[in-house]
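Remarks on the structure that follows.
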Amino acid sequence: MRIFFILLFLVSTFIGANDKPKNIIIFIGDGMGINYVSASMIKFKDSPFYKFPDIGLSLTSALDRLITDSGAGGTAIATGEKTNYRAISVLPDSTVLPNILEIAKKNDYKTGVVVTCHLTDATPAVFLSHHIDRRKSFELSHQMVYSNVDVVIGGGLDYFKPDFMGGKRTDSLNLLDTLQNLGYGVFTTYDSLAKFADKDRLFCPLNHNGTYASKRNFSLTDLLKIALPRLDTEDGFVLMVEGSLIDWVAHNHDSENVLSELKDFQDAINYAIEFTKEDDETLILVTADHETGGMSITGGLNPDGSDMVMSYATKGHSGEMVGVFAKGPGSHHFRGIYQNSEIGKKLINLIRD
């Protein structure tokens with residue numbers, strides 16, 4: 001009997017230790033409901049979604065609306081708390097909600113954000129700033145400069161430069177100079193970033209405000225190849241990666257580019273899985289902030305999806321549940337059906353001491 005209890009103690013200790021990831025990568029497919037996951041799995045045979053052992057479903061409503069936006073939807077994932085429509089990691093009374101990257105920094109993790117939209121768009125904003133109104137791009141970008149996140153790559157150069165230098169800021173602030181003074185490597189084009197980045201800390205507002213994958217000279221995977229090696233240290237890291245434009249093209253019912261953006265996103269997931277496969281220390285989680293377009297697969301004869309017909313019910317968002325796919329240490333916590341804020345709570349609990 002004594003041996004039994006010793007073995008039980010050793011097993012429970014091992015399970016507890018194995019439950020805490022050293023690293024977390026959060027993939028957010030903006031607007032990517034289960035319907036879009038289905039479309040990508042039909043169309044692309046190398047789908048990463050087959051590789052996730054633990055799967056859940058998330059309800060995405062905002063605190064004040066059934067149909068959320070990316071501000072409230074992203075805040076729930078980033079902070080573990082629901083908030084009002086358009087809010088960026090604050091409660092309705094403007095009380096600041098600490099996000100997972102801020103909490104990770106206090107626990108000595110490295111942190112990162114990699115997106116294909118402009119950095120002041122709602123999803124990256126909830127991980128880099130706080131404001132009651134997601135539309136305040138100049139205030140958000142100013143906060144982001146002081147976020148202390150180690151690697152930040154996205155678009156939105158205009159919001160970091162004054163108007164007399166070709167940007168959009170009317171307050172004369174040159175945030176690029178501020179970033180350099182804070183010790184960041186600052187790059188504003190993908191080509192210069194790929195060729196000349198020589199610092200571990202990068203802040204790169206590239207010169208676009210959202211360019212379709214089919215028209216970019218880089219992929220989301222290319223950006224990850226720059227970010228991940230800089231974050232993958234003994235300290236551990238928390239990284240948020242967004243397939244941002246899935247939402248944009250779904251709003252437009254642009255099925256061709258929906259599939260292109262999904263391919264760009266899933267290739268990045270596959271790269272992260274491959275990059276971390278040897279360490280067995282990284283939790284990879286894939287989810288969405290909401291569903292966009294009310295898309296259904298309504299036609300097609302060929303099982304390979306070559307003639308798949310995608311139909312849409314709305315130009316806006318819907319209240320459909322979204323998937324939560326997890327693999328790695330702690331992934332079993334994400335089974336079941338729950339509110340979107342539970343994703344944030346679970347993630348934050350996994351990095352707190």
Side-chain angles (χ1 to χ4, degrees), residues 25-52 70 74 77 112-119 121-124 127 151-156 189-191 193-194 204-229 239-276 284-293 295 297 304-306 308 310 322-323 325 327:
I25 306 175
I26 307 161
F27 281 95
I28 299 176
D30 199 323
M32 189 188 70
I34 288 291
N35 45 1
Y36 293 104
V37 175
S38 299
S40 71
M41 294 181 76
I42 291 168
K43 189 72 175 178
F44 308 119
K45 302 313 173 190
D46 58 343
S47 172
F49 293 103
Y50 290 108
K51 302 173 184 177
F52 289 87
S70 293
I77 298 168
V113 168
V114 176
V115 300
T116 52
C117 62
H118 52 89
L119 290 167
D121 205 5
T123 305
F127 289 88
V151 177
V152 179
I153 308 175
T189 68
Y190 170 71
D191 289 340
L193 170 62
C204 306
L206 305 181
N207 59 346
H208 69 89
N209 286 329
T211 303
Y212 292 174
S214 59
K215 296 181 178 180
R216 278 189 255 119
N217 69 331
F218 61 89
S219 66
L220 185 56
T221 301
D222 291 329
L223 300 183
L224 269 188
K225 287 179 178 179
I226 294 168
L228 271 175
L239 168 66
M240 190 284 288
V241 183
E242 186 189 30
S244 313
L245 273 60
I246 300 168
D247 171 70
W248 295 23
V249 292
H251 277 295
N252 294 329
H253 300 179
D254 182 354
S255 297
E256 181 179 353
N257 275 308
V258 164
L259 291 170
S260 176
E261 295 299 329
L262 286 167
K263 183 68 165 65
D264 188 54
F265 187 55
Q266 75 157 41
D267 286 350
I269 299 169
N270 273 328
Y271 172 75
I273 291 172
E274 183 67 21
F275 184 90
T276 60
I284 298 177
L285 182 135
V286 183
T287 190
D289 47 359
H290 54 75
E291 193 276 342
T292 300
M295 190 274 287
I297 300 168
D304 65 1
S306 57
M308 181 169 57
M310 300 163 67
V322 301
F325 303 84
K327 72 184 303 294

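Treat the numbers as computed from the prediction; the structure is a model and nothing was measured. All values below were derived from every heavy atom in this structure, side-chain atoms included, with hydrogens, water molecules and symmetry-related copies excluded.
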Asp304-Ser306 side chain donor-acceptor pair, cut-off 3.5 Å: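 Looking only at side-chain atoms, Ser306 and Asp304 do form a donor-acceptor pair, the distance falling under 3.5 Å.
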Partners meeting side chain to side chain donor-acceptor pair (under 3.5 Å) with [X] (sequence neighbours left out):
X	result
Ser38	none
Asn257	Ser214, Asp254
Ser40	none

Listed partners of Phe49 passing ring-ring contact (aromatic ring centres under 6.0 Å, His included), at least two apart: Phe325
Those residues that, when tested against Phe275, pass ring-ring contact (aromatic ring centres under 6.0 Å, His included) (two or more places apart): Tyr271
Side-chain donor/acceptor of Thr287 to backbone N/O of Gly323, under 3.5 Å: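 Checked: pair present.
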Check: Asp264 side chain, Leu220 main-chain N or O, donor-acceptor pair, under 3.5 Å: yes
With a 4.5 Å limit on heavy-atom distance, are the side chains of [X] and [Y] in contact?
X	Y	value
Phe52	Ile269	yes
Ile284	Lys51	no
Val241	Ile25	yes
Asp247	His251	yes
Thr292	Trp248	no
Leu223	Tyr190	yes
Ile273	Lys327	yes
Met240	Val115	yes

Could you tell me the separation between the [atom1] atom of [X] and the [atom2] atom of [Y], rounded to the nearest 0.5 Å?
X	Y	atom1	atom2	answer
Glu291	Tyr36	CD	OH	5.0 Å
Thr116	Ile246	OG1	CD1	8.0 Å
Lys263	Ser219	NZ	OG	9.5 Å
Asp46	Met41	CG	CE	11.0 Å

If every non-hydrogen atom of [X] is compared with every non-hydrogen atom of [Y], which pair is closest and at what distance?
X	Y	answer
Ser47	Gln266	CA-OE1, 3.6 Å
Gly305	Lys43	O-NZ, 3.4 Å
Val113	Leu239	N-CD1, 3.8 Å
Leu193	Cys204	CD1-SG, 3.7 Å
Asp30	Thr123	OD2-OG1, 3.4 Å
Val151	Ala227	CG1-CB, 3.8 Å

Lys215 NZ: over 12 foreign heavy atoms closer than 6.0 Å: no
Counterpart residues, salt bridge (charged side-chain N to carboxylate O under 4.0 Å, His left out), relative to Glu261 (two or more places apart): Arg216
Parallel, tilted or perpendicular: rings of His208 and Phe218 (30°, 60°):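 It falls in the tilted class, 30° to 60°.
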Pair Val322-Met32, side chain to side chain contact (heavy atoms under 4.5 Å, CB included): steps then yes or no: CA-CA 7 Å; Val322 301; Met32 189 188 70; over 6 Å; no
Test side-chain contact (heavy atoms from CB on, under 4.5 Å) applied to Leu119 and Ile153, Val152, Leu206, the passing residue: Val152
Chi angles and distances behind the side chain to side chain donor-acceptor pair (under 3.5 Å) call for Thr221, Asp267: CA-CA 7 Å; Thr221 301; Asp267 286 350; 5.4 Å; no
Asn217 and its side chain to side chain donor-acceptor pair (under 3.5 Å) partner, picked from Asp222, Asp191, Thr189: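 It is Asp191, the one option of Asp222, Asp191, Thr189 that forms the side chain to side chain donor-acceptor pair (under 3.5 Å) with Asn217.
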